[in-house]
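This report refers to the structure that appears directly beneath it.
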Protein chains: 2
Amino acid sequence: MIKSNSTNSNIQQIKVAVDCIIFGFNDNKLELLLIKKKENPEKGKWSLIGGFVGFDEDLDEAANRILSDLSGLQDIYMEQIKTFGKVDRCSFDRIISSTYSAMILKSRYTEDKISKYNAQWFPITEVPDLIFDHNDMVDIAIKRMRRRVRNFPIAFNLLPPKFTLPQLQVLYEGILDEELDKRNFRRKVAQMKYLVRLDEKDMSESRRGAFLYRFDETLFENEQNFNL
Amino acid sequence: MIKSNSTNSNIQQIKVAVDCIIFGFNDNKLELLLIKKKENPEKGKWSLIGGFVGFDEDLDEAANRILSDLSGLQDIYMEQIKTFGKVDRCSFDRIISSTYSAMILKSRYTEDKISKYNAQWFPITEVPDLIFDHNDMVDIAIKRMRRRVRNFPIAFNLLPPKFTLPQLQVLYEGILDEELDKRNFRRKVAQMKYLVRLDEKDMSESRRGAFLYRFDETLFENEQNFNL
DNA sequence: GCAAAAGTGTTGGATATACACCCATGA
DNA sequence: TCATGGGTGTATATCCAACACTTTTGC
């Protein structure tokens, strides 16, 4: 609802920002992309990847632009997590920030972007002290991402179009940081009819070879059951 | 992350608002509190209860202030739902809006506030066309609230401190808009050790009387299992 | 004694978990 | 032939849904 804004003579305006929590999957573990601030305020501290929302830019667009600018990645499944709006969350200015989260494959991240922005990956078990309330943001995003990755097929972006079940399982074990029983895992996968087995094997990981699967978008429309 | 804002000479600023989605329980059904806009823009249309966030006000505080201003209710369990930030969500200004949702007992809502603000309750099955993207906000909030009410004890605010199981069941049936099996319902309740039966009956609804229960906060800390 | 609401158990199906061996292949 | 990773089935416990009758009491 919009109040009459004729009396809107506030000189001090709240600024609107976005912070991106980018998880990178690497070496069977999750890492978090951070940048080191080159300038004041908070020079030298680590920070999430963020920026202000443009006046002519959707909030979602802003998140995608920032992700894209810093990683070169596009069409990544990205999701709004929560908006942080405490007055004192940032000591020198009034900024509310909406957090967005994405998971990417670290190996797809172009190295030149990293150096350009002074960015660095950290294992999520070793996140340093971050500016403002960014540590809170990360904690919430991790919990939420782990919950969602069990109930929605959001991790398939991290695999090639054709993937094997061992690949899929390793991915999930890495994301969730827990071991999964192979047979139970495969039984669940078998119930998802939109994961279709091809008549083709990946021979690169074993002598026997593992069947390749693909995620069928159309079949998924019909029956969206997913839980791992 | 905060970019250097030395070049921050934007004259056009994004405004930050909050919209409250207030569900009222009445006559065993959920209703939604809306207000009719007395002024342009969108004069005469129905709208959620909302307003701008003060410069010196936490986002959460703003939501509570607005709820409190319009309902007199305080200490209501309120939860951030999502932030809406499309450029064109409001045709005449650039406003992002965080939605917050609460459930209250309609009977506790003071009538004078309603008339003062031109507010009115609508059954959630008969929500009229609202301004901007407010219908989307409502749809998302209803889904989320129903999901959460099953997994967290957020509905106990709607009951007196001492309540009977028939009361609790009627409440849940109303919120979820589905009938629940009495025996299954009571078995689940029995597992929640923090719902403690008192040696006291409510005789107002039946000749036999129904045992009163209370929600024990301390016991809930230990064992938070909840699902109905 | 009867109307009206409160209260109570059991069964069958589905789902989740735990667990160990054979298979196919290239070297 | 053997080392390596891929693949398979069963038994148990747990959870969930469906279902109908007895109890208490004021009138």
Side-chain angles (χ1 to χ4, degrees), chain A residues 27-28 146-147 149-153 159-160 162-215 223-228, chain B residues 27-28 146-147 149-153 159-160 162-193 195-214 223-228:
Chain A
D27 191 23
N28 296 345
R146 287 201 169 128
R147 191 167 5 104
V149 84
R150 282 181 175 278
N151 296 308
F152 299 93
L159 294 172
K162 299 175 183 180
F163 54 87
T164 67
L165 296 192
Q167 269 182 296
L168 184 64
Q169 184 173 350
V170 164
L171 176 66
Y172 266 83
E173 290 179 335
I175 293 173
L176 297 172
D177 192 29
E178 62 183 86
E179 297 208 338
L180 302 174
D181 181 89
K182 184 167 50 160
R183 282 168 291 188
N184 294 338
F185 183 84
R186 294 170 91 102
R187 179 176 26 254
K188 285 182 180 176
V189 168
Q191 289 168 356
M192 304 175 193
K193 310 221 177 86
Y194 47 84
L195 293 183
V196 300
R197 198 179 87 170
L198 307 175
D199 287 331
E200 204 178 339
K201 283 190 167 185
D202 169 30
M203 304 303 294
S204 66
E205 295 293 319
S206 70
R207 311 198 195 289
R208 182 178 179 176
F211 277 106
L212 288 163
Y213 286 71
R214 71 183 170 80
F215 182 89
E223 193 187 344
Q224 303 211 350
N225 76 304
F226 189 93
N227 103 304
L228 281 177
Chain B
D27 191 22
N28 296 345
R146 287 203 168 127
R147 190 168 6 104
V149 85
R150 282 181 175 277
N151 296 309
F152 299 93
L159 295 172
K162 299 177 184 179
F163 53 87
T164 67
L165 296 191
Q167 270 182 296
L168 184 64
Q169 183 173 350
V170 163
L171 176 66
Y172 266 83
E173 290 179 333
I175 293 173
L176 298 171
D177 192 28
E178 62 182 87
E179 296 207 338
L180 301 175
D181 181 89
K182 184 167 48 161
R183 281 168 290 187
N184 293 339
F185 182 84
R186 293 169 91 102
R187 174 173 32 253
K188 285 182 180 175
V189 168
Q191 289 167 357
M192 304 174 193
K193 310 218 178 88
L195 293 183
V196 300
R197 199 179 85 170
L198 307 175
D199 286 331
E200 203 178 339
K201 283 190 168 187
D202 169 31
M203 303 305 292
S204 66
E205 296 292 319
S206 68
R207 312 198 192 293
R208 182 178 181 176
F211 276 108
L212 287 164
Y213 287 71
R214 71 183 169 81
E223 193 187 343
Q224 303 212 350
N225 75 304
F226 190 93
N227 101 305
L228 283 178

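Here is how names work: the chains are called A, B, and so on, in the same order as the sequence lines, proteins then strands, and each is numbered from 1. Keep in mind that this is a model prediction, so the values were computed, not measured.
- At whole-Å resolution of the value, CZ in A:Arg150 and P in C:dT15 are 17 Å apart.
- Distance A:Glu179 CD to C:dA16 C1': 18 Å, rounded to the nearest Å.
- Computed from coordinates, the B:Gln191 CD to D:dC15 P distance equals 7 Å when rounded to whole Å.
- Atom-to-atom distance recorded for B:Gln224:CD and B:Asn151:CG is 12.5 Å, nearest 0.5 angstrom.
- If you take NZ of B:Lys188 and C1' of C:dG9, they are 17 Å apart, rounded to a whole angstrom.
- Distance check, rounded to the nearest 0.5 Å: CG of A:Asn225 to NZ of A:Lys193 gives 7.5 Å.
- Of all heavy-atom pairs spanning B:Val149 and B:Tyr172, the tightest one is O-OH, 3.0 Å.
- Here the CG-NZ distance, from A:Leu180 to A:Lys182, works out to 12.5 Å after rounding to the nearest 0.5 Å.
- In this structure, the CE atom of B:Met192 is 13 Å from the P atom of D:dC15, given to the nearest Å.
- Note that CG of B:Leu212 and CD of B:Gln167 are 7.5 Å apart. Values are rounded to the nearest 0.5 Å.
- Look at CG on B:Leu212: it is 12 Å from P on C:dA6, rounded to the nearest Å.
- One interatomic measurement links the two molecules: CE of B:Met203 to C1' of C:dA4, which rounds to 13 Å at whole-angstrom precision.
- Formation of a donor-acceptor pair under 3.5 Å by the B:Arg197 side chain with backbone atoms of B:Tyr213 is not found in this model.
- Distance A:Phe185 CZ to C:dA16 C1': 15 Å, rounded to the nearest Å.
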- Note on the structure: Given protein heavy atoms under 4.0 Å, the one-letter contact record of nucleotides 5-14 of chain D, with B base, S sugar-phosphate only and - none, is simply BBBBBB----
